[in-house]
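Remarks on the structure that follows.
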2 protein chains.
Amino acid sequence: MDSSELKRAGLKATLPRLKILEFLENSKVRHMSAEDVYKALLESGEEVGLATVYRVLTQFEAAGLVVRHHFEGGQSVFEMEHGEHHDHILCVRCGKVDEFVDETIEERQKKIAKEKGYSMTDHSLYIYGVCGECQKEE
Amino acid sequence: MDSSELKRAGLKATLPRLKILEFLENSKVRHMSAEDVYKALLESGEEVGLATVYRVLTQFEAAGLVVRHHFEGGQSVFEMEHGEHHDHILCVRCGKVDEFVDETIEERQKKIAKEKGYSMTDHSLYIYGVCGECQKEE
DNA sequence: AAGCAAATGAGAAGAGTTCTCATTCTTATT
DNA sequence: AATAAGAATGAGAACTCTTCTCATTTGCTT
């Protein structure tokens, strides 16, 4: 069990936190809601409260271990921080999520912020569409 | 009272709808939550239910009269459709919202969607930062 | 003016998330 | 290794935003 990551983030190495971190790291699915994490842990026999999952994910976010996204549909989606910033393109049919990085867009955003007199802190870009798979099914 | 806009949208010209449309058109503030609209109407002596405001705004959205945004903070924000598509840059301190259009970014997005095999239906780009005013107040 | 379908308002209900607080766990200290 | 002090947890209540339900009202057609 690797508690060093938590310690480094200034968080006590409690069992729920370790379980959640471990789960996030090992899951093949990258983008998960708090509910997803909660259910998955329950199913693998762990005892966690939903409130704890929310709390811990929020702490992970503050610690920079995790990024929170606001995809359409209301609920927050979390993703392990794996270095490079990226944006998302998602399928409105099947919910599939792809990632991309585009330096030109990044540059443009900085430029716009500067022009408008803003000191940019963050940005979010989501492209919505129908993925290749779903286009075939019509 | 101008009911033609509603008729054109295929909506019956009811009083609540007219009031809401009128309010949206005359408000200097461009981006408003359902709650904002509701409160404003109450204050100006109109009798509307919150449920109706939500319903009507959703209908206006479907009719293309209004655009719905999902800024951070959970609630939906509505804006009168005034022709050209644009993106938003918002101040995380005071909540101010500015708009911008960037053809380069638009192009890039289309290109990315195509590369990833998606047929793009929509996109949303929000830049967050601290606006000029708020930077001074530090 | 009358009738019918559509729209409304009030409150209940639902989804997602946060809060409360008694109990349990971590960790620093013996 | 035992202990004490404080932090974290779990369960459910509570909260926010939004949608639904349904009895009543309104708009539109005849």
Side-chain angles (χ1 to χ4, degrees), chain A residues 1-23 31-63 65-66 68-78 95, chain B residues 1-23 31-63 65-66 68-78 95:
Chain A
M1 200 110 42
D2 179 32
S3 57
S4 58
E5 233 172 314
L6 290 175
K7 297 262 175 63
R8 217 177 306 129
L11 295 168
K12 255 191 211 174
T14 65
L15 221 46
R17 296 215 261 243
L18 282 168
K19 292 301 179 189
I20 293 172
L21 182 59
E22 185 186 315
F23 173 71
H31 305 86
M32 277 169 297
S33 67
E35 193 87 30
D36 292 338
V37 175
Y38 173 64
K39 281 186 188 151
L41 287 177
L42 281 197
E43 275 167 26
S44 56
E46 306 295 340
E47 300 237 329
V48 227
L50 180 55
T52 301
V53 173
Y54 272 104
R55 252 184 317 232
V56 169
L57 286 173
T58 302
Q59 292 159 345
F60 283 7
E61 183 193 12
L65 291 173
V66 140
R68 181 194 302 251
H69 299 293
H70 302 273
F71 295 159
E72 285 197 6
Q75 89 235 57
S76 293
V77 173
F78 299 85
Chain B
M1 202 110 37
D2 178 30
S3 55
S4 58
E5 232 171 315
L6 290 176
K7 298 261 176 63
R8 217 177 306 131
L11 295 168
K12 252 190 212 174
T14 64
L15 220 46
R17 296 215 261 244
L18 282 168
K19 291 301 179 188
I20 293 172
L21 182 60
E22 184 186 316
F23 173 71
H31 304 86
M32 277 169 299
S33 67
E35 191 88 30
D36 292 340
V37 176
Y38 173 64
K39 281 186 190 153
L41 288 178
L42 281 198
E43 276 167 26
S44 55
E46 306 296 340
E47 300 237 331
V48 227
L50 181 54
T52 301
V53 174
Y54 272 104
R55 252 185 315 234
V56 169
L57 287 173
T58 302
Q59 293 160 346
F60 283 7
E61 183 192 12
L65 292 173
V66 140
R68 181 196 302 252
H69 299 292
H70 301 273
F71 296 159
E72 286 197 6
Q75 90 234 56
S76 292
V77 173
F78 299 85

(Q) What I want to check is whether the side chains of B/T52 and B/R55 have a donor and an acceptor closer together than 3.5 Å. (A) yes

Q.
Distance check needed: C/dT8 C1' versus B/L18 CG, whole Å only.
A. 14 Å

Q) Rounded to whole angstrom units, what separation is found between the CZ atom of B/F78 and the P atom of D/dC17? A) 13 Å

**Q.** Separation of atom CG in A/L57 from atom C1' in D/dA8, rounded to whole Å
**A.** 15 Å

Q) Along nucleotides 18-30 of chain C, 5' to 3', which nucleotides get a B, which get an S, and which get a -, given that the test is a protein heavy-atom distance under 4.0 Å? A) BBB-----BS---

Q: Find the distance B/Y38:OH to D/dT18:P and express it as a whole number of Å.
A: 14 Å

Q. So what does B/E35 touch, heavy atoms closer than 4.0 Å: a base, only the sugar-phosphate, or nothing?
A. nothing

**Q.** Heavy-atom pair with the smallest gap, counting every atom of B/V48 and B/L42
**A.** O-CD2, 4.1 Å

(Q) What is the separation between atom NZ on B/K39 and atom P on D/dT16, rounded to the nearest whole Å? (A) 11 Å

Q: Start with the C-alpha gap between A/L21 and A/F60, add the side-chain angles, then the distance that decides, and say whether side chain to side chain contact (heavy atoms under 4.5 Å, CB included) holds.
A: CA-CA 9 Å; A/L21 182 59; A/F60 283 7; 4.0 Å; yes

Q: Determine the contact category for B/S33: base if any of its heavy atoms lies under 4.0 Å from a base atom, sugar-phosphate if only primed atoms, P, OP1 or OP2 are that close, otherwise nothing.
A: nothing

Q: Apply side chain to side chain contact (heavy atoms under 4.5 Å, CB included) to the pair A/F78 and A/M32, showing each step before the final yes or no.
A: CA-CA 5 Å; A/F78 299 85; A/M32 277 169 297; 5.7 Å; no

Q) Nearest heavy-atom pair of A/L57 and A/V37: which atoms, and what distance? A) CD1-CG2, 4.5 Å

Q.
Expressed as a whole number of angstroms, how long is the span from B/M32:CE to D/dC17:P?
A. 17 Å

Q: Check the distance between D/dG27's C1' and B/L6's CG and give it to me in whole angstrom.
A: 12 Å

**Q.** Value in whole Å for how far the C1' atom of C/dT8 lies from NZ of B/K19
**A.** 15 Å

Q) Minimum heavy-atom separation for A/L65 to A/A9, with atom names? A) CD1-CB, 4.3 Å

Q) Taking atom types as modelled and ignoring hydrogens, do the side chains of A/R17 and A/S3 form a donor-acceptor contact shorter than 3.5 angstrom? A) no

Q: Could you pick out which residue, A/R17 or B/G74, lies toward the 5' side of DNA chain D when each is mapped onto its nearest nucleotide?
A: A/R17

